[in-house]
Every structure is written in C-alpha cells, then in structure tokens.
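Following: one structure in structure tokens, then a few remarks.
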2 protein chains.
Amino acid sequence: MKLTELKAIQLAELFSALSDASRVRIISLLIEGEMSVSALAEDLKMTESAVSHQLRGLRQMHLVRARKAGRQVFYSLDDDHVYRLFSLGLDHIQHG
Amino acid sequence: MKLTELKAIQLAELFSALSDASRVRIISLLIEGEMSVSALAEDLKMTESAVSHQLRGLRQMHLVRARKAGRQVFYSLDDDHVYRLFSLGLDHIQHG
DNA sequence: TGAATAGTTGAGCAACTATTCATATAAATG
DNA sequence: CATTTATATGAATAGTTGCTCAACTATTCA
C-alpha cells in the first residue's frame, strides 16, 4: 500500500490523537455518552484546564464534537470510527 | 467503557507506535510484504540507523516481527490487527 | 584472519507535548 | 450591573521523541 507523504502525515496525526493515556480515557468515557468538561475532569481527576486542552486536540482531529448548553459544553464522539479504532486497539493489547 | 489506568496506558502506547509519519510509511510498505532494513531505508530516504530505531519501537509493540537471514534482517507485520487499524484510520481521514 | 557489509545501539540535541497557572470570555444569577 | 460558574486560552515549564553521529556486533567473503 503506497501512501503519499500527505496521507502518511494525516494518518500519523490521527493516531497521535489517541496516543496519550488522558485522551484515551476521555474517549473511553465518551463511548458511554456525552459528558461536560467538568464531569470529565472530575472523573479523570484532572484539572478542567488540562481536559479542555486535550479536548481541543480531539476536536481538531474530528474525533469529538462539542454541544453548548448554557455555560456547559457537552462532548461526544464525532463518528463511529473512533469507537472501532478503540476496540481494535483493545483487541490487540488483550490477545496480541 | 470503563478502562483501567493500565489499559489506558497500553492503548496509548499502541497508538503512539503509529503516531509518526515515518513509522506509518514503514507499516505501509510492510503491508505489501517483508523488507530488509536497508531496503526500507532506501525506499523511505532515511538512514538505516533512523529506520532501525523506529523498527525497535514497532517490534516492542509487537506490530512487526524480525527474521534474520545472514546479515540481513527482514521485517514483516506481526499480525493483522495492524493492517486493520491502518485501514480504519485511512477510512477516517478519507471521509471523516 | 582481515575487510566489507547489514544492522543495532547509546549519547546528544532540537523539536514537540502535556500539564499548570494566570487570565479571559461567556452565560447565569442576584 | 457585579458576581459566580463553566470553559477556553496563552505562556511557561518539565518531560518526551526522532534524528544524527559514532561506535559496536554479527555475518559473509576473500
């Protein structure tokens, strides 16, 4: 499979979005359903600022989507590719 | 999906292995079949040292496997999870 | 055995990343 | 309007990563 340099970079960027344990845990929570920034922060025992910074990256990669409701922002998974990548990854680390 | 901290770290490490354009291009070449370090280096226009460093990481994550033949070392994909992660990733960046 | 070839490895450095802290914005509340 | 609450953002910093270079190991061949 011959990849253009551009596609290689884009693929690497996609996987980079999942290459940090904090982001992985954020995704794992969002698989259950949408959550606000502060709920994520509390659950993950991270500051809201740190969570917000990470969500920004995930948003830019179109892995999560934001819905504003009053002063809260609820995040959810943007499409099911994310969930499938996640499951495949789990398969690999479990019996790999 | 509630993840243990350990699994979150392992998942992040797996995706980290694919989070660099050089490694992505290495994988994309190995999808076609096994290749020696120097063949990879030539194809990717990287030094053999740089390729070798990257292959080490991929080996440690069990994404590639090494077969020694004389003084050459041929690398190939370790299992089909890699290919499937790769394809899903491509799906995402193409119509995501 | 000695020279050449294929690959690995460790140190060092530049570039990047994740977090914290302080500050800013925006919406609800009094 | 002023205050509080929820989130976002920029700068600073500590830690990580990917490359190069030099040195090393292992194998082949003369």
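These numbers were taken from a predicted model, which means no experiment stands behind them. Chain A is the first sequence line, chain B the second, and so forth, proteins listed ahead of strands; every chain is numbered from 1.
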Criterion side chain to side chain contact (heavy atoms under 4.5 Å, CB included) on A:Arg56 and A:Ser52, from CA distance to verdict: CA-CA 6 Å; A:Arg56 185 193 218 196; A:Ser52 186; over 6 Å; no

Intermediate values then yes/no, side chain to side chain contact (heavy atoms under 4.5 Å, CB included), A:Leu18 and B:Leu18: CA-CA 10 Å; A:Leu18 300 169; B:Leu18 299 169; over 6 Å; no

Trace of the salt bridge (Lys or Arg N to Asp or Glu O under 4.0 Å) decision for B:Asp20 with B:Arg25: CA-CA 9 Å; B:Asp20 170 84; B:Arg25 295 193 304 153; over 6 Å; no

Derivation of the side chain to side chain contact (heavy atoms under 4.5 Å, CB included) call for A:Arg67 and A:Glu34: CA-CA 9 Å; A:Arg67 175 178 75 82; A:Glu34 70 173 13; 2.5 Å; yes

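The hydrophobic clustering, which links ILVMFWY residues whose side-chain heavy atoms are closer than 4.5 Å, places A:Phe86 and B:Ile9 apart. Both A:Ile31 and A:Met61 sit in one connected hydrophobic cluster of ILVMFWY residues. Membership requires side-chain heavy atoms under 4.5 Å apart, directly or through other members. By the criterion of side-chain heavy atoms lying less than 4.5 angstrom apart, applied directly or through intervening Ile, Leu, Val, Met, Phe, Trp or Tyr residues, B:Leu40 is not grouped with B:Phe74; the two fall into different hydrophobic clusters. At a threshold of 4.5 Å between side-chain heavy atoms, the hydrophobic network of Ile, Leu, Val, Met, Phe, Trp and Tyr places A:Val24 and A:Leu90 in one connected group.
Scanning residues 36-50 of chain A for heavy-atom distances under 4.0 Å to DNA chain D yields A:Ser36, A:Val37, A:Ser38, A:Glu48, A:Ser49. Listed in residue order, the members of residues 5-15 of chain A having a heavy atom less than 4.0 Å from DNA chain C come to none.
Applying the 4.0 Å criterion to OP1 and OP2 of D:dA8, one finds that A:Tyr75 has a side-chain N or O inside that range. OP1 or OP2 of C:dA26 has not a single side-chain nitrogen or oxygen of A:Gln72 nearer than 4.0 Å. Put simply, B:Gln54 has no side-chain N or O that comes within less than 4.0 Å of OP1 or OP2 on D:dT17. Put simply, A:Arg59 has no side-chain N or O that comes within less than 4.0 Å of OP1 or OP2 on D:dT7.
Distance, A:Arg56 CZ to C:dA18 C1': 14 Å, rounded to whole Å. Counting to the nearest Å, the C1' atom of D:dA8 and the CZ atom of A:Arg67 are 18 Å from each other. Rounding to whole angstrom units, CZ of residue A:Phe74 and C1' of D:dT5 are separated by 13 Å. Going from atom CG of A:Leu55 over to atom C1' of C:dT19 covers 14 Å, rounded to whole Å. Per the geometry, CG belonging to A:Asp20 stands 10 Å off C1' belonging to C:dT19, to the nearest Å. Between the CZ atom of A:Arg25 and the C1' atom of C:dA18 there is a distance of 13 Å, given to the nearest Å. Atom C1' of nucleotide C:dG7 and atom CD1 of B:Ile26 are separated by 14 Å, given to the nearest angstrom.
A 4.5 Å side-chain heavy-atom check between B:Leu30 and B:Val82 finds every atom pair outside the cut-off.
Annotation: of the two residues near DNA chain D, B:Val51 and A:Val73, the 5′-most nearest-nucleotide partner is A:Val73.
Pair assignment for C:dT25 gives D:dA6, based on Watson-Crick or G-U wobble hydrogen-bonding distances that are each under 3.5 Å. Nucleotide C:dG12 forms a pair with D:dC19, judged by Watson-Crick or G-U wobble geometry with both contacts under 3.5 Å. The base-pairing partner of D:dT28, taking Watson-Crick or G-U wobble contacts with both distances under 3.5 Å, is C:dA3.
Among the nucleotides D:dA8, C:dT9, D:dG10, the one closest to any side-chain atom of A:His53 is D:dG10. The side chain of B:Ser22 lies closest to D:dC19 when the candidates are D:dG18, D:dC19, D:dA11.
Looking at B:Arg71, its side chain comes within 3.5 Å of the base of C:dT5 through a donor and an acceptor atom.
Atom CG of B:Leu55 is separated from atom CD of B:Glu48 by 11.0 Å, given to the nearest 0.5 angstrom.
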